[in-house]
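What you are looking at is a predicted structure, and each value in this text was computed from that prediction instead of being measured. Throughout, residue positions are numbered sequentially from 1 according to the sequence presented.
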Amino acid sequence: MYKSFKYEELEVGQKASIDKLITDEVVMAFAAVTEDHNPIHVDDEFAKNSIFKERIAHGMLLAGLFSAVLGTHLPGVNTIYLKQTMEFLAPVRLGDIITAEVEVAEKMEKQKVRLFTTARNQKGEMVAKGEALIKKPF
């Protein structure tokens, strides 16, 4: 079920998240949609010789998870995504379960909201962090 909070209903500290199992199918689908076929993501043999020693997920796949939380949970439907910053802290490996979380950081003028965005793996390790700026027109 989709959620939708009005600007007036949002409170600093409010959080929402989703969990996603990162599988071969997820990575290959993301590669197909984005045309990013970097072998570190799609080629086992190539990845064995990389610094990671195995394939890793695309970093921007995490941005898609943040978008999913923002557009369907918090603030939810009718959210306009204006900006996203991201810092990648650790690789996301096949088999990882990623929790993408957003937290209301600041309510601003003109119905804009700044949110903290974090992604953690199943071990609780932060793999990415950043900030999003959205507008909630109604």
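In summary, E125 and R120 do not engage in a salt bridge, as defined by a charged side-chain N under 4.0 Å from a carboxylate O. Between R55 and D44, at least one side-chain N (NZ, or NE/NH1/NH2) sits under 4.0 Å from a carboxylate O, which counts as a salt bridge. Salt-bridge formation is detected for the pair R114/E131: a Lys NZ or Arg NE/NH1/NH2 atom is positioned less than 4.0 Å from an Asp or Glu carboxylate oxygen. Ionic pairing of K6 and E9 is not present here: no N-O contact between side-chain nitrogen and carboxylate oxygen is shorter than 4.0 angstrom.
A cation-pi geometry, defined here as NZ or CZ lying under 6.0 Å from the six-membered ring centre and within 45° of its normal, does not hold between K136 and F5.
Side chains of V26 and L21 form no contact here, defined as non-hydrogen atoms less than 4.5 Å apart. Between I134 and K83 the shortest side-chain heavy-atom distance does not fall below 4.5 Å. I18 is listed as a side-chain neighbour of H73, based on a closest heavy-atom distance under 4.5 Å. For the pair V92/I98, a side-chain contact is recorded, criterion being any heavy-atom separation below 4.5 Å from C-beta on. Residues V127 and L89 form no side-chain contact, since every pair of their non-hydrogen atoms from C-beta on lies 4.5 Å or further apart. Counting heavy atoms from C-beta outward, V102 and S17 have side chains that stay 4.5 Å or more apart.
Put simply, the side chain of K107 never gets that close to the backbone of E11: no donor and acceptor are under 3.5 Å apart. Judged by distance alone, with hydrogens and angles left aside, the side-chain atoms of H41 form a donor-acceptor pair with the main-chain N or O of I56 at under 3.5 Å. A distance-only check finds a donor-acceptor pair linking the side chain of S4 to the backbone of V77 [under 3.5 Å].
The distance from atom OG1 of T118 to atom CG of L62, rounded to the nearest 0.5 Å, is 10.5 Å. Atom CD of E101 and atom OG1 of T117 lie 10.0 Å apart (nearest 0.5 Å). Rounded to the nearest 0.5 angstrom, T79 OG1 and K3 NZ are separated by 13.0 Å. Of the inter-residue distances, the one linking I22 atom CD1 with Q122 atom CD reads 10.0 Å to the nearest 0.5 angstrom. With rounding to the nearest 0.5 Å, the separation of NZ in K20 from CG in L61 is 8.0 Å. Rounding to the nearest 0.5 angstrom, the gap separating the CD atom in Q14 from the CG atom in L74 is 5.0 Å.
Ring pair H58/F30 is tilted by interplanar angle, where 30° to 60° counts as tilted.
Criterion: ILVMFWY side-chain heavy atoms under 4.5 Å apart, direct or through other members. Under it, M28 and L94 are not part of a common hydrophobic cluster. Cluster membership check: M60 does not share its hydrophobic cluster with L133, using side-chain heavy-atom separations under 4.5 Å among Ile, Leu, Val, Met, Phe, Trp and Tyr. In the hydrophobic clustering of ILVMFWY residues, with side-chain heavy atoms under 4.5 Å counting as a link, V69 and L82 come out apart. Grouping the Ile, Leu, Val, Met, Phe, Trp and Tyr side chains by contacts below 4.5 angstrom, directly or via other members, places L70 apart from F116. Under the 4.5 Å side-chain heavy-atom criterion for grouping Ile, Leu, Val, Met, Phe, Trp and Tyr, I51 is connected to F46 within one hydrophobic cluster.
Considering all non-hydrogen atoms of both residues, A132 and Y81 come closest at CB-CE2, 4.0 Å. Between D96 and P91, the shortest heavy-atom contact is OD2-O, 4.1 Å. Residues A63 and M86 approach most closely at CB-SD, 3.6 Å, considering heavy atoms.
A 6.0 Å sphere centred on NZ of K129 holds no more than 12 heavy atoms belonging to other residues, nucleotides or ligands. Heavy atoms of other residues, nucleotides or ligands lying less than 6.0 angstrom from NZ of K112 number 12 at most.
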